[in-house]
Amino acid sequence: MARPTFQALPGTRDLFSPDTDRMRELVSVFAEQAATAGFALVVPPMFEDVGVFRRLGEASDVVSKELYDFHDKGGRHIALRPEQTASVCRMFAENRPLVPWKAWYAGPNFRHDKPQKGRYRQFDQVGAEVIGSHDPDVDIELIALAARFYARIGLHRVRLMVNSLGDAADRPRYLSALRAHFEADLDALSEQSRATLLVNPLRVLDSKRPGDAALIEAAPVLLDYISDEAAAAFARVQAGLAALDVDFDVSPRLVRGLDYYTRTTFEFAADGLDAAQNAVGGGGRYDGLIADLGGGEEPGVGFALGVDRTLLACDAEEAFPAPSTGVQVWVIDTVGALDGLQIADEIRRAGVRCDRSFDGRSMKAQMKAADRSGATLAVIIGADEASNATASIRPLRGGGDQYQVPRADLLSALRATLGADADHGSAISSPTSTTTRETLES
RNA sequence: GUGGCCGUAGCUCAGUUGGUUAGAGCGCCAGGUUGUGAUCCUGGAUGUCGGGGGUUCGAAUCCCCUCGGUCACCCCA
């Protein structure tokens, strides 16, 4: 075998079945949940003017270090999207749909950081945003949507943390208190945190360095500094989540990585994952972001869930196995006329998943391929069948004898046999599910 | 961006203090079986030992560089 000339770039992956089946199923479950809650799909471009993303926070690594940016042939300064909220807000500002505007999305994002487990340079997210309402009930419904989604895919060991960052006007008072607190005991702070303190004091609270823990523990609490209105909204959010039986913890030190958040913020952590990548999703309000993008004073709130990490968390709980996507019928043709071609087409048009061998292989080889495919039935066209216009149907999974039917009755015979097998559950017990198990355990 | 560990067949791996033509299992292909898979038996194909350079009579093995993977820090989904 020749050595491949190229390989996938760092942080990018080639995904195959059954991982791809699982991913598609996950997105399709999310799509269904979102539609049920009145959200419509949007597809923003994968790249934008770099300015669209600058609003995420000049002090954040996502913008300052990890942007995939370049100049296009027209001299425009462009960046691959590191997330989709900013693009959705730009879409809103540009197209001005009726408010409240409820949009969901799914797709890849790009960040140039060093890959490790659960962290890729191209990674998928699903998410939902609501633009144009201040009502904290919207926050509640969004959080519930995410929580219900996790439950729906069978992921149970997920903790929801909520906090309120207050309004933009509350921020300076808190920041100065926070800064004063840390500066009073600067020596106790790690070097990295001291650097963070200069650019964004809020994110010092996010430090996981053990040495910083005590000082962070003693830091002023953001919730004590927020306006009465923001506090009332946060109280409503908590009451609403409780009313919906959505479990949560208030985490006064939860600050999110992107700078645009105001008021409600939340994060989902999967206990099945290591702390380094246990954040499987999160979001919050961003009441100033749309105005920053020239869209007027419209409030917004939303969340995004990491598809890869969610699936990783599912692995840890052995939840959400890959759906079976194998074929049901394999057509075996040893004659080499047009029968195999026509029969496969006929079966497919009837909506039955079907495949066949090529290259005129021996019957033995074709049978082997049929077995390997996981198909429930083989349809055999040999010399006999070709000469008397019949087809043989051979069950491949356990019971039943091979039998011949007139060619005209083939479809109904297949349907009858497949239906009977499905009742016994054998139609889905294919090698595909074995592979899935192995994947989950590895 | 920083650091630890790791790169041998499609996959999982073995390979002694450097020593002939680099191995095993699984998988794949063919035959045993003149139409019939999953079992069994027999045979077969596939490796610039990640890449480059160096040390040596001789390197998968030692050294340097590099590329990639992985994990942690950092950051975050």
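Residue numbering restarts at 1 for every chain, and letters A, B, ... go by the order of the sequence lines.
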Regarding [X], tell me which of base, sugar-phosphate or nothing describes its non-hydrogen contacts under 4.0 Å with the strands shown.
X        : answer
A:Lys368 : sugar-phosphate
A:Gly283 : nothing
A:Leu56  : nothing
A:Ile380 : base
A:Gln122 : nothing

Using the [atom1] atoms only, state how far [M] lies from [N], rounded to an integer number of Å.
N     : M     : atom1 : value
B:U46 : B:G10 : C1'   : 9 Å
B:U8  : B:G51 : C1'   : 14 Å
B:A22 : B:U61 : P     : 14 Å
B:U21 : B:A59 : P     : 11 Å
B:G7  : B:U12 : P     : 12 Å
B:A60 : B:A14 : C1'   : 12 Å
B:C49 : B:C41 : P     : 33 Å
B:C13 : B:C75 : C1'   : 35 Å

Less than 4.0 Å between a side-chain N and a carboxylate O, is that true for [Y] and [X]?
X        : Y        : answer
A:Arg81  : A:Glu48  : no
A:Asp249 : A:Arg159 : no
A:Asp292 : A:Arg90  : no

A side-chain contact here means heavy atoms from C-beta on lying under 4.5 Å apart; do A:Asp308 and A:Leu312 qualify?
no

Within the structure provided, determine whether A:Leu414 and A:Val352 are in side-chain contact (heavy-atom separation under 4.5 Å).
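They are not in contact (no side-chain heavy atoms under 4.5 Å apart), so the answer is no.
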
Nearest-Å distance, [atom1] ([X]) to [atom2] ([N])?
X        : N     : atom1 : atom2 : value
A:Arg356 : B:U36 : CZ    : C1'   : 18 Å
A:Leu396 : B:G37 : CG    : P     : 11 Å
A:Asp359 : B:C29 : CG    : C1'   : 13 Å
A:Asp371 : B:C29 : CG    : P     : 12 Å
A:Arg397 : B:G37 : CZ    : P     : 14 Å
A:Gln7   : B:G51 : CD    : P     : 12 Å
A:Trp330 : B:G35 : CH2   : C1'   : 18 Å

Which of the following nucleotides, B:U36, B:G68, B:C29, is nearest to the side chain of A:Gln402?
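My answer, after comparing the listed nucleotides, is B:U36.
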
Indicate whether the side chain of A:Asn109 and that of A:Glu83 have a donor and an acceptor atom separated by less than 3.5 Å.
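No, no side-chain donor-acceptor pair sits under 3.5 Å.
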
How about A:Thr265 and A:Tyr286: does a side-chain donor come under 3.5 Å of a side-chain acceptor?
no

Identified pairing partner of [N], criterion: Watson-Crick or G-U wobble below 3.5 Å:
N     : value
B:U21 : none
B:A38 : none
B:G10 : B:C26
B:G1  : B:C73

Given B:C29, is OP1 or OP2 found less than 4.0 Å from the side-chain N or O atoms of A:Arg361?
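Yes.
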
If the cut-off is 4.0 Å, is A:Arg372 near the phosphate of B:C28, judged by side-chain N/O to OP1 or OP2?
yes

Most 5' of A:Gln404 and A:Ala8 on RNA chain B, judged by nearest nucleotide:
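So the residue in question is A:Gln404.
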
Between A:Gly11 and A:Met367, name the one whose nearest nucleotide on RNA chain B is closer to the 5' end.
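Checking each residue's closest nucleotide, the 5'-ward one belongs to A:Met367.
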
If a protein heavy atom is under 4.0 Å from the base, mark B; if only from the sugar-phosphate, S; if neither, -; do that for nucleotides 70-77 of chain B going 5' to 3'.
-SBBBBBB

Ignoring hydrogens and angles, tell me if any N or O in the side chain of A:Asp333 forms a donor-acceptor pair with the backbone of A:Gly336 under 3.5 Å.
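Here the side-chain-to-backbone pair exists.
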
Less than 6.0 angstrom from the centroid, inside 45 degrees of the normal: does A:Arg121 satisfy that with respect to the ring of A:Phe110?
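Output no; distance or angle outside limits.
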
